[in-house]
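Since we're looking at a predicted model, the values are computed, not measured. One-based numbering, in listed order, for ligands and for the atoms of each.
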Amino acid sequence: MFEIKAKDNRGRVGVLKTNSGTIKTPNLMPVIHPRKQAIDVKKYGADIVITNAYLIYKDEELKQEAIDKGLHELINFDGPIMTDSGSFQLSVYGDVDITNKEVIEFQELIKTDIGTSLDIPTAPFVDREKAEEDLEITLERAKEAIDFRNKENMEMKLNSVVQGSTFMDLRRFCARELTKLDADLYPIGAVVPLMESYHYKELVDVVMNSVANLPDSKPRHLMGAGHPMVFALAVAMGCDLFDSAAYILYAEDDRLLSTRGTYKLENLQEMPCSCEVCSNYTPDDLRAMPKEERRDLIASHNLHVSFAELRLIRQAIYEGSLMELVEERCRAHPKLLDAYRQLGKYMEDMEKYDPRSKKSAFFYTGPESLSRSEVKRHMQKLREMPKKRDLVILPSSRKPYSKYISGKLGEFYGYGAQREIDLENTDFMVLDIPFGLIPLDIDEVYPLSQNDAPRIKDVDSLEFIEDFISEFVEYYEQTLIHSKIIKELDIGLYTPHIQSDEIRYKKDDLKKVKAIADYQFGNGAGKALFTGNINIEKSKKTGKIRHIYDGKVIIANMRASDSYLVLSKEGAKRLHSKMPYPQNRVVVNEDSVPFALEGKSVFSKFIVSADENIRANDEVLIVSEEDELLAYGKALLSAHEMNDFNTGQAIKTRKGMKK
Ligand code: GUN
Ligand code: ZN
């Protein structure tokens, strides 16, 4: 029913199948009013819409028409339709004239594609007692909805809405309880008041605590989110669907949506975008118009801007630049910047979903970039890396650093015990923003060279690298820091001064491929892969390592774009025999063993377990439940997702061991 096609952080491009057609996600569902809809939303790119089953139910005439002809004819939309249950009316008026059972059965009767139970949207910042009481009812109704659903005809998909107000433990509890129900989609509810009052920071807490406890294999809908300002941030947190009444509500109020905020028509000297409305009318034209005509034009602009933003977001996921887009968007308002800073606290969770290699380079757009999952991941890898006795820290240069560092390295300041440096027992690292220390042997691996940061460093960056150095000198007996760094950081603590012609970085290709293997597959992988009569073939054009052989047998290729190793059959065998289970493995069930051996791609439903360190784009080993090597290939999902999904492809197999 739902599959992931591309990923970036927690954001995903997916396809969602419903009874009335398939849609791409992330996507926006314009709210359709069953009686007074004036705008043809399909014209502006709507693939799916949302309307209100309760409003139809309450209106005798609409109700009868919906029963007779079905919902799709009633609102004249033949694509997928989601319906809400009256919960929003419940939160506004305190009461509704429908029971949970009635609304479920009615939604089935009128053939909605995705129906919703009668959850209670508990407002933010209520007292705990109220939140708990409401939540109990919400959970009970979600369970009932699953029971009430017609078991013979399961054509209607079911929403189970996460509530719990601003109590994070209640949000987590609710998400876990709803996960057990195995609903089809998981909306996150009662966030409208947070967004209306610019409590974006709390929105991040609510969404992250919900999403981290929901199944990865089901779409999530940020209910009532219709302002394009928040789409990119919400998608990065794992939201797949939005709904918008904002396009028409704002238009009725003469307000124009934009990713930079909201414009009041009365203040506009210029039209804010390049849509048809903004190109053909001036603010004065609009102001002079009859109210209804103006409203429809503004609504059309609002929809245009919203769909354009979603296209941009999906494109950013494909190319791996979603966080750069989020960082840009979150500078539109200080409260959004707060929200993004708050998201930094959840990067350990985000990292579990973030592909290890991406098409686009990592851009540092400000101090918040230092909290990104790529930075966290590299720091963790560095801490786990086996270390030599001494450390030499060099200033940054052109990238890849190792290509431009040679000969006499200059003056150094010593830290720790002072004695002769033993080059064989020394790690060489470059100091730079945003990855802190970059070992020269692995500097070509994504994203350590595929990144850019401003030359003029901000205070946060300086503090970040100072902390990084302070931590790392503790891991070594002796550290030599280049004088240029000492000057830049303005720290006088490193003495004495050493001028040494002996300190040279010696390029060593074997050391390099081993270090890359360790970084990529775990410590020990370099030795496992590259022992024997190793010879390394380089590209004549670029000088980059391309193929690594033992004698005449190929072990691995090095991919030019990100310098990761792509295993050969022999490489896969070596890695499998020397690296302990479960490292780098995806375990498939008995039924799929013959298919894997033949080199057929692996689908999620055959996966029994996966090494939790696996991320999308990793090279992985495919094994049986007895750890027999069956095949090897490239992961399309992270370990968590592989374990949760039951549809779609999980690994693009390179080769089966049979062939
Ligand atoms: N629309 C906006 N917020 C909510 C919510 O919390 N629940 C439901 N059912 N609909 C909503
Ligand atoms: Zn416009």
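At least one N or O atom of Ala190 sits closer than 3.5 Å to an N or O atom of ligand 1. Between Gln163 and ligand 1, an N or O atom pair is found at a separation short of 3.5 Å. An N or O contact shorter than 3.5 Å links Asp84 to ligand 1 by distance.
Here the protein contributes Cys273 SG, Cys275 SG, Cys278 SG, His301 ND1 as N, O or S atoms under 2.8 Å from the Zn ion (ligand 2).
A cation-pi contact, defined as under 6.0 Å to the ring centre and within 45° of the axis, is absent between Lys218 and Tyr186. Geometric assessment of Lys335 against the ring of Tyr198 yields a negative cation-pi assignment under the 6.0 Å and 45° thresholds.
Taking atom 7 (N) of ligand 1 as the reference point, the nearest protein heavy-atom neighbour is Asp119 OD2, 2.8 Å. When only non-hydrogen protein atoms are considered, atom 2 (C) of ligand 1 lies nearest to Phe88 CD1, 3.7 Å. Remark: minimum distance from atom 4 (C) of ligand 1 to any protein heavy atom is reached at Met223 SD, 3.5 Å.
Classification of Glu266 and Arg287 as a salt-bridged pair fails, no side-chain N sitting under 4.0 Å from a carboxylate O. With salt bridges taken as basic N to acidic carboxylate O contacts below 4.0 Å, none links Glu140 and Lys143. Ionic pairing of Asp47 and Lys24 is not present here: no N-O contact between side-chain nitrogen and carboxylate oxygen is shorter than 4.0 angstrom.
Checked against a 6.0 Å centroid threshold, the rings of Tyr364 and Phe362 do not count as neighbours.
A donor-acceptor contact closer than 3.5 angstrom is absent between the side chains of Ser360 and Glu319. A side-chain donor from one of Glu327 and Thr365 sits under 3.5 Å from a side-chain acceptor of the other.
Under a 4.0 Å criterion applied to the non-hydrogen atoms of Pro121, ligand 1 contributes the atoms 5 (C), 6 (O), 7 (N).
Applying the side-chain hydrogen bond (donor to acceptor under 3.5 Å, both in side chains) test to residues at least two apart or on different chains, the pairs with a partner in residues 221-235 are His221-Asp243, His227-Thr262.
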